[in-house]
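Here the structure is laid out as structure tokens; the discussion comes afterwards.
In this chain, numbering begins with 1 at the start of the sequence shown. Any value given below was found using the heavy atoms of this structure, including those in side chains, with hydrogens, waters and symmetry copies removed. Remember, it's 1-based here, ligands and their atoms both numbered in the order they're listed.
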Amino acid sequence: MQIKLEGLERTYTGTASAGDVHAVQQVSLLIPSNTIFGIIGKSGAGKSTLVRLISLLEKPDAGSIFYDGERVDNLTGQKLIQRRRRAGMIFQNFNLFSSRTAGRNIAYPMEICGMPKARIQERTQELLELVGLADRGDAPVSTLSGGQKQRVAIARALANNPDVLFCDEATSALDPQTTRAILELIRQIQKKMQLTVVMITHQMEVVRDACDEVAVLDAGRVVEQGPVSQIFSAPQAAVTRDFISNLAPMTADDDGTVTHRQGMVRWSAEGGRYILHFIGSMTGEPVLSNMAKRFDVSFNIRAGGIQLLPEQQVGTMIIDIAGDEAETANALAYLRSQGVAVEETKQ
Ligand code: ADP
Ligand code: MG
């Protein structure tokens, strides 16, 4: 299902001591059918508010929402209830009934719809299998790990055959390994069921590992959007660059020196003023030697590594450039003209 947002606005009226909060401002987006669309933003950026608007849990103050070309933000009564039932949702804290077993949690939305008991049992078993919990149907929720709880929540979200799945920080409470497993499961399910998935997150890892396209939300506004590979190779907004640099954070040793980045091989302990991102089949070495030939500069590679995106790779190199100020500026402009994303660190 394709989702179109036009000029969405949402303001929470404040108290005397705290003013109004303009949580979502002029948000227009086209979320294509049959993809995983990421919405990334820092805490307080308005992500949860936006997902409540898109999923029709809350009404926008202004703007409109279309599902497959049909306006849905003004639905009421039975039509609204019916439409909401065709959307699955999962959250950071799973929102499961702790007094029910895994299977009874999954059965819940089907019970609400009045599905016959035998059919509910059959479908619950199918869903347990789909999420890799075939033999845990009778397990009380309290005995499950975080990853297993999220699998139950995913199964429950899929119970009524949704055409869209909303994930609000679905992996934020999970460790990195479990996060990857859950994202992989969501990707598999997305393909199998041809779902549109809207993935809200504050983690660039989630965007990198799971999303096809991404919109960056900052203070209620969309500041940047596009295919994930494009955003990684040429981030425009400051907040996007921040997210990308936090992806592989510099980690300081006990003595305070910065010696490596996660996922990077560093062969020189010091330096590293520039971080370069190369996309796809573009390779770093020729671009750098061309730079050194064209301009009166030399370069020193301090570290390098590859980050895998769903469809392609982004290579990262940390380098220093030696040369006078003007030539260095020309060299950096040349790199950017060749499609290399250049970040300058504060070293
Ligand atoms: P995020 O999910 O990106 O952290 P939220 O959408 O939860 O951001 O919040 C965006 C802003 O709106 C915050 O300043 C938050 O305090 C405010 N906000 C969110 N929900 C409400 C609400 N129900 N009432 C009042 N203010 C709210
Ligand atoms: Mg939130």
Review point. Is it true that Arg180 and Asp209 have a side-chain N and a carboxylate O under 4.0 angstrom from each other?
Key: no
Check your understanding: Starting from atom 7 (O) of ligand 1, which protein heavy atom do you reach first, and at what distance in Å?
Key -> Ser48 CB, 3.7 Å
Revision key, fill the gap. Atom 23 (N) of ligand 1 has as its nearest protein heavy atom Tyr12 CE2, 3.7 Å
Check your understanding: Would you say atom 16 (O) of ligand 1 touches the protein, meaning some protein heavy atom is under 4.0 Å from it?
Key -> no
Exercise for review: Quick one: closest heavy-atom pair of Ala210 and Met199, and the distance?
Suggested key: CB-CE, 4.0 Å
**Study point:** atom 6 (O) of ligand 1: nearest protein contact (heavy atom, Å)
**Key:** Thr49 OG1, 2.6 Å
**Study point:** Protein contact of atom 4 (O) of ligand 1 - nearest heavy atom, named by residue and atom, plus distance
**Key:** Gly44 N, 2.7 Å
Check your understanding: Nearest protein heavy atom to atom 11 (C) of ligand 1, by residue and atom, and its distance?
Key -> Val21 CG1, 3.7 Å
Point to revise | Ile154 with Leu174, same ILVMFWY side-chain cluster at under 4.5 Å | key: yes
Review point. Do you see an N/O/S atom of Ser43, backbone or side chain, under 2.8 Å from the Mg ion (ligand 2)?
Key: no
Point to revise | Over all atoms of both residues, closest heavy-atom pair of Thr196 and Asn34 | key: OG1-N, 3.1 Å
Point to revise | Numbering as shown, the atoms of ligand 1 that approach Ser43 to under 4.0 Å (heavy-atom distance) | key: 4 (O)
Review point. Do any heavy atoms of Arg52 fall under 4.0 Å from ligand 1?
Key: yes
Exercise for review: Compute the minimum heavy-atom distance from Lys42 to ligand 1 and say whether it is under 4.0 Å.
Suggested key: yes
Practice item. Identify whether Met89 and Leu158 are in the same connected component of the hydrophobic contact network (ILVMFWY, side-chain heavy atoms under 4.5 Å). Key: no
Exercise for review: Indicate yes or no: at least one non-hydrogen side-chain atom of Met204 is less than 4.5 angstrom from one of Ile244.
Suggested key: yes
Review point. What protein heavy atom is closest to atom 8 (O) of ligand 1, reported as residue, atom name and distance in Å?
Key: Gly46 N, 3.2 Å
Revision key, fill the gap. Tightest non-hydrogen contact, residues Arg83 and Leu56, listed as CG-CD1, 3.7 Å
Study note, to complete from the structure: Between Gln150 and Gln92, the two heavy atoms sitting closest are NE2-O, 4.5 Å
